[in-house]
Amino acid sequence: MQTTFLRVVTEAGAATVPADAQFIIGRARTADYVIADSRVSRRHLLLEQTSGGWVVRDISSNGTWLDGQRMPEAVAVDDELRLRLGTPTGPEVVVHPEFPQGRGQLDEPAYDPGYDMQTMLPNSSGYTPPRAAPRGPGRPHQGPTSPAQRGRDYDDYDDRRRGERSGGLTSLEQEHERRTTYRLRQGTMSIGRARDNDVVITDLLASRRHAELYIGRSGVQIADLDSANGVFVNGRRINRIALEQGDVIAVGHHIFQLEGDQLVEYIDSGDVSFEAEALNVWAGQKQLMHDMTFKLPGRALLGVVGPSGAGKSTLLNALTGFRPADKGTVRYAGRDLYSEYDELRRRIGYVPQEDLLHTSLTVRKALEFGAELRFPPDVTKTERRNRVDEVLAELGLKQHANTQVARLSGGQRKRTSVALELLTRPTLLYLDEPTSGLDPGMDKNVMESLRNLADDGRTVIVVTHSVAQLDLCDYILVLAPGGYVAYFGPPQDALSFFGKRDYPDVFLQLEAMPGVESAARFRNSRYYVPASITAPSARPAPEELPSLRQQSVLSQLVTLSRRTMAVVASDKSYLRLIIAFPFLLGLIPRAIGGNFELSATQAKQLSPNSDGPTILLIMVLCACFMGMANSVREIVKERAIYRRERAIGLSRTAYIGSKVLVLTLITVAQAIPFTLIGLAGRTPQSSLILGNSLVAMLIAVIVVSLSSAMLGLLISAMVDNADKTMPLLVLLTMGQLIFSGGIVPVHGTAGLEQVAYIAPARWGFASMAAVGDLNRISLAGVNRPDDPTKKINPKVVVDPTWQHTVSTYATDIAAGMAVGIICIIIASILIRRMDPKTVKRAPATTAVAGAPPR
């Protein structure tokens, strides 16, 4: 019998579908019936009446289940249908025909969703659902009634119907929230953060004057006004380009689409899908990940667990783009994350296992420096401070704003690391072992914070070894050794799928079974939800990140230098140590008596001065140790911070430059009191430069200290663990003892002389020896004035780098500076190894000839 109406019943209520209408059930606010569950697609079911009767069509990406089997694309509604959305245990929707009055009526079905929606506790069926995002109960959608409202509202019922008749909503409408429509006018229209722009963007990632639109008879063109974060058209950064209908323009988190004579604005609200498809990763001949495939709706919290060696870190690197998969695709809102990484990386937040914080700073200070590096230079101090306050309030850290990071609890410190990432409002947030080392209470606190972040409009993916709070996740991904998917789905179904009582038993089972068997077992189970399959694409070879950055190199240099100085100043114990260091070290050469003058024997013959070389040797060794001690941990202790900031556009030149600048200030400040204490009152009376031998000695000490500091910086860039720096510090200091030439003759010794060329102590000792005329005071008495025919003892070697001449002194100083510069260059090359890698990208696009001038 032909039906007129269709009845839809869920745990939240019921609705009647009118005749001759299309009715959408989904998670999006634009659906006719909204089900706020992360397993439900934005547009999940389409109910429509055809010539043969009512039909339910599955238009979702997550799938629909009927009687435990995945439903075909379309099913006729001849009788009552009980459908599960998203997974076999997803939200239930009951659909049944409703006859016109007088022709008989079906009874309302007895609805048993498996749990009490108010208490979220299992009822008689024993099922406990995943936690749904608090976005309101299911409700029928009411379209706008006025034409004016339809012109600007994304919920426009008629426009949506036209989109459905033309094959569905656009990808932007499916994945983003429509906000405003701007009518284009002839001439120039400006886009930016300032209020006087024609198109105002309330996003701190946008510059005050970000871009301009040129509208003429020949069409529409857009130009980037040297913005900090760039303008992207269809995923590619542009300088200037002509626009075509349907082109997508991205500025920060805001997206615009050219539609006729209008520019339609969308905003990335975080309610977008995310999927990994057939990801494969190799390390040489070994495959670390095998066909990793899963799909998430927006605002979902995914927990990634598995035994050691299952590939959790490999997966995280592939999903973030830090180390892209060799084959496969990662999609965000249907867009390829790898090929459009330059644009999409602004929406990614990443919190590694190590805290991204300088622990001696206060929470507020750490976040303010982070904001200064992440936002464009035209963002004011007040704007940055307001954003910091918002993030502190969002994560419950306001009462700890002025607390030193080192004094926070483990959970508070991890939330501060998350706060640093939330400054730019990312809609994708990855965390690597955020609860590692925390007690159960802090573990729950951190996971609840992540649950709230997902509910507020982010997709959160957390890699963890802790399984106690997995019920807070919407989905869990269980990996088997070798990088296989052993399970993906709601956490409530995981243990029943594995047939175990707890996760330790699950992990033992996975370790005992080959990964390929675990993956096959899951694919053949009723819990497996097949994703849409497309051919995997090969990834190009990784290369370094592009030069796109929020700040200029000079601006970053100033910010990083200020931060490093703030870190030093806030660490009181370290500050006291570097202040006391030169005074304590200066006492060591002072303990050695003597000076640089010759003394006469009882026979009135001049005798060699053995005190002078000893004083110089101790001065050089102390200066080398002082310089290297300042810098040997400077880079390695910030590896995690550097990697993350490099991924968001940090300049390598600015980073190394800030270290050199701060180390120079500290080392020079230390060298002055050290030299004065060690040498004041006993330097040679004659001088090579400036009429004062103490000044010449001070310059030599500064050069050898700075050169040693740069050598320490090189060591810090070379090692991967701060604990390795101390043995190397001792080893290198002892090496300077040999290479200086103060004990073992270096000049003329094959091999040793050549290696000594790259030792700071060699040139520091030589420059001070030139000032002190060490050749003369060391050889006194060998060529006696009373016997000029006596030849030089062949065992005494005269070092030409010790000659008491201005040219020799200048050469020694220049050589010492050259060693320091070489160390800086090598350190800059070495830190490239810490850079996150991503795939190759095309250069910014420039418009065709004839574009209006900038």
Side-chain angles (χ1 to χ4, degrees), residues 131 270 274 296 299-308 310-322 347-359 363 366-367 370 391-392 394-397 400 403 405-479 491 503 507 638-641 643-645 647-648 836:
R131 187 176 186 271
F274 176 83
L296 295 173
R299 302 175 187 245
L301 174 59
L302 170 68
V304 181
V305 297
S308 299
K312 296 186 292 295
S313 297
T314 302
L315 173 62
L316 201 60
N317 286 332
L319 296 181
T320 56
F322 290 168
R347 305 174 194 183
I348 294 176
Y350 172 62
V351 183
Q353 187 171 353
E354 307 94 332
D355 289 322
L356 301 173
L357 305 164
H358 292 90
T359 57
V363 171
L367 295 182
V391 171
L392 289 172
E394 184 176 6
L395 290 173
L397 292 168
H400 304 292
T403 304
V405 173
R407 298 182 179 179
L408 297 175
S409 67
Q412 292 166 348
R413 188 178 301 188
K414 188 58 64 177
R415 278 188 285 150
T416 305
S417 292
V418 175
L420 191 62
E421 292 301 303
L422 294 186
L423 289 171
T424 55
R425 304 180 189 274
T427 48
L428 272 174
L429 185 61
Y430 302 93
L431 299 100
D432 189 6
E433 300 287 355
T435 61
S436 178
L438 301 183
D439 62 58
M442 285 296 151
D443 180 3
K444 182 177 181 180
N445 181 270
V446 170
M447 290 299 291
E448 286 179 341
S449 297
L450 300 182
R451 175 69 262 170
N452 292 333
L453 291 176
D455 291 342
D456 288 341
R458 300 171 185 88
T459 297
V460 181
I461 298 177
V462 53
V463 172
T464 179
H465 278 105
S466 175
V467 296
Q469 308 301 327
L470 288 181
D471 60 315
L472 293 173
C473 299
D474 296 304
Y475 302 92
I476 62 170
L477 175 64
V478 182
L479 302 184
Y503 283 97
F507 291 174
E638 295 182 349
R639 284 177 67 91
I641 297 174
R643 280 180 58 84
R644 180 58 192 140
E645 292 179 345
I648 61 171

Hey, could you give me the [atom1]/[atom2] distance between [X] and [Y], rounded to the nearest 0.5 Å?
X      : Y      : atom1 : atom2 : value
Met447 : Leu470 : CE    : CG    : 6.5 Å
Arg299 : Leu453 : CZ    : CG    : 12.5 Å
Leu431 : Thr464 : CG    : OG1   : 10.0 Å
Glu448 : Asp443 : CD    : CG    : 10.0 Å
Leu302 : Leu450 : CG    : CG    : 12.0 Å
Leu315 : Ile461 : CG    : CD1   : 7.5 Å

Return the set of residues passing side chain to side chain donor-acceptor pair (under 3.5 Å) with [X] (not counting sequence neighbours), or none when no residue passes.
X      : answer
Asn317 : none
Glu421 : Arg374, Arg644
Ser417 : Asp355
Ser449 : none

Judged by atom type as modelled, is there a donor-acceptor pair below 3.5 Å linking the side chain of [X] to the main-chain atoms of [Y]?
X      : Y      : answer
Lys444 : Asp439 : no
Arg415 : Val446 : no
Tyr350 : Thr320 : no

- Message: Quick check: do Ile476 and Val304 have side-chain heavy atoms less than 4.5 Å from each other?
- Response: no
- Query: Heavy-atom distance under 4.5 Å between the side chains of Leu428 and Arg347, does that happen here?
  - Reply: no
- Note on the structure: Sorted by chain and residue number, the side chain to side chain contact (heavy atoms under 4.5 Å, CB included) partners of Ala310 (sequence neighbours excluded) come out as Pro307, Leu479
- Query: What pairs meet the salt bridge (Lys or Arg N to Asp or Glu O under 4.0 Å) rule with one or both residues in residues 422-435, with sequence neighbours excluded?
  - Reply: Glu390-Arg425
